[in-house]
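Letters go in sequence order (proteins before strands), and every chain restarts at 1.
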Amino acid sequence: MGYSALSLMGHAFRGNTQWPTLIAAPDMRTIYDIVIIGGGGHGLATAHYLAKIYGLTNIAVCEAGWIGGGNTARNTTIVRSDYLLNGSFALKHFALKLWEDLTQDLDFNIMYEPRGYIDLAHSDGELEQFELRANAMRLRGADAQILDRSALKARIPLLSLDMDKRFPVSGALFQPAGGVVRHDAVAWGFARKASQAGIHIFQNCPVTGFDISDGVLQGVQTAKGHITCKQALISVAGESSAVAGLAGINLPLNSINVQACVTEPVKPALDAVVNYNVGLSYLSQTAKGEFVLGGATDGYASFARRGSFERIEDVLARAVQMFPFLSRLRLMRHWSGTADITADGNAIVGQTPVSGLMINSGWGYAGFKATPAVGHQLAELLATGILPDLIAPFALDRFALGAEQDDAGIGPYPWLH
Amino acid sequence: MLLIPCPYCGLRDESEFVYGGPARALPDMDAQTPEAQHSLYRPINPRGPLRELWYHSGGCECWITLTRNTITHEFEDDLS
Ligand SMILES: Cc1cc2nc3c(=O)[nH]c(=O)nc-3n(C[C@H](O)[C@H](O)[C@H](O)COP(=O)(O)OP(=O)(O)OC[C@H]3O[C@@H](n4cnc5c(N)ncnc54)[C@H](O)[C@@H]3O)c2cc1C
Ligand SMILES: [Zn+2]
């Protein structure tokens, strides 16, 4: 079942016509120990670590659409851990450590490329704030550097450093371990490994209701039948309000459209991820040569999952400020995903008021980077019943307790995060 | 791209507006903590019609309340 140079060659000789499907198609049982709702990266990573670390395999993953059809394969593939708050940093930094070995762990090439993440500052004041963040990262054991304009010129020769711009670049925060990971491979790799371990994955199988009695979970309703289970995890990104609502849980979040786009492919020109901070626009170049661009959310509530020119124009105008040559490239495709954005801009992970029902939501436009760490920690919670330290700061009850995790200090306005 | 029906200025481009989020009832100034929390964090996230606030910063500078469908992006208010 494993991949090797020999198996690659063998399949090449047979014209690549006999590759086995990545995941099995089992019949659904009526009882499972755990049901994972949502077959995105987070749900599938949780399944994988439940099998790998705790040997638990009587588990069903129910996915409404297809594996990797959600935000996992719609994102711009950036991973980094340059966060100020301890809680935000620690979880994403643990994820960076896991990304390093994940290709070997899954026997599936997820193409983690630590090309470096470069966050541009546009004033001396902003650069000072970046130094604060860099120092906080160093204190917690991460490598972070401040690049001045000449260091930036040496690292990213094509970046425009002209001073006659409205928002000239004054320097940058550089995290060498930041970079990109091939997002579909993450969904497929986790799914394949979980399936090989004996976990059942069902596609086209939305969860439509919960059985709860006296505040204790008894089972879930799915399109393929009823499942009796003691524990379930909701991990459905943009649909979090709707699915948690089926269990009577109100999550403090709004669903907002986030867009991304790619240019036509060209020769290698950029070997880092670069982020422009006035209004947000970021880009990286794929292995195929396309530039992938993303930016801020559309800013208003939406489940439409379709792009709008307003934001694309915005993102491209800023990208051209960084790299003027981009103006001569054609845009090939653009798409969007529904991001679940909470009242403090940070995730909601852990227990819910319903005993046995766990939640993982609120990752918005920034949760891909955390995928393996979230799965690892949720597996611990589901297997042992003990809330792991790394996810404790993201409990749902933090809003009632006034313990918000607001990295940007924006306040309880999801559409502004 | 949204064309937003401002009751004062007519159909105007989305870029002229600042979004103010779902329209919600504000708590009394001396409300008890649970009520104050509830009004801050009460989730309003429907798939479908949503009453929401927009600030027409690039036009009449009024805060307006409109109903928009979050799946189709169509406004339900008409200007006639
Ligand atoms: C355009 C864009 C760019 C982004 N860029 C980045 C980035 O560069 N870096 C980063 O870290 N993050 C980024 N993100 C965020 C990141 O993609 C998400 O936070 C992350 O992928 C969420 O993973 P998930 O597994 O929770 O969600 P998903 O992959 O969306 O999985 C949730 C799944 O639940 C399923 N589902 C829904 N309802 C039901 C139901 N009733 N029953 C069963 N299943 C259901 C859905 O079909 C879906 O497959 C971006 C997001 C977008 C939209
Ligand atoms: Zn107006």
If you tally heavy-atom pairs under 4.5 Å between each of A:A343, A:S255, A:A242, A:P412 and chain B, the highest tally belongs to A:S255
Applying a strict 4.5 Å limit to non-hydrogen atoms, the region of B:T72 in contact with chain A is backbone
If one checks every heavy atom of B:P46 against chain A at 4.5 Å, the contacting part turns out to be backbone
Under 4.5 Å to a heavy atom of chain B? For A:Y413 that would be neither
Answer key: most heavy-atom pairs under 4.5 Å with chain B among A:T338, A:D298, A:L253 is A:L253
Looking at B:R51, I'd like to know if its CZ atom is crowded, meaning that more than 12 non-hydrogen atoms belonging to other residues, nucleotides or ligands lie closer than 6.0 Å. no
The interface call for A:R306 against chain B, heavy-atom contacts under 4.5 Å, is side chain
Output for pair (A:R311 CZ, B:M1 CE), nearest 0.5 Å, gives 10.5 Å
Closest heavy-atom pair, B:I44 versus A:N254, reported as atoms and distance to 0.1 Å, is O-ND2, 2.9 Å
Between the CZ atom in B:R47 and the OG atom in A:S302, the distance rounded to the nearest 0.5 Å is 9.5 Å
Review point. Would you say the side chain of B:Y19 lies within less than 4.5 Å of the side chain of A:I256, judging by non-hydrogen atoms?
Key: no
If you tally heavy-atom pairs under 4.5 Å between each of A:P252, A:P414, A:A301 and chain B, the highest tally belongs to A:A301
message = Tell me if the CH2 atom of B:W63 is crowded by more than 12 foreign heavy atoms within 6.0 Å.
response = yes
When the 4.5 angstrom heavy-atom criterion is applied to A:L251 and chain B, the contacting part is backbone
Minimal heavy-atom distance between A:W415 and B:P22, with the atoms involved, is CZ3-CD, 3.5 Å
May I ask you to test the B:L2-A:E310 pair for a side-chain heavy-atom distance under 4.5 Å? no
Is there side-chain contact between A:Y300 and B:T70, with at least one heavy-atom pair below 4.5 Å? no
Okay, B:N69 and chain A: the region with an atom under 4.5 Å from a heavy atom over there is neither
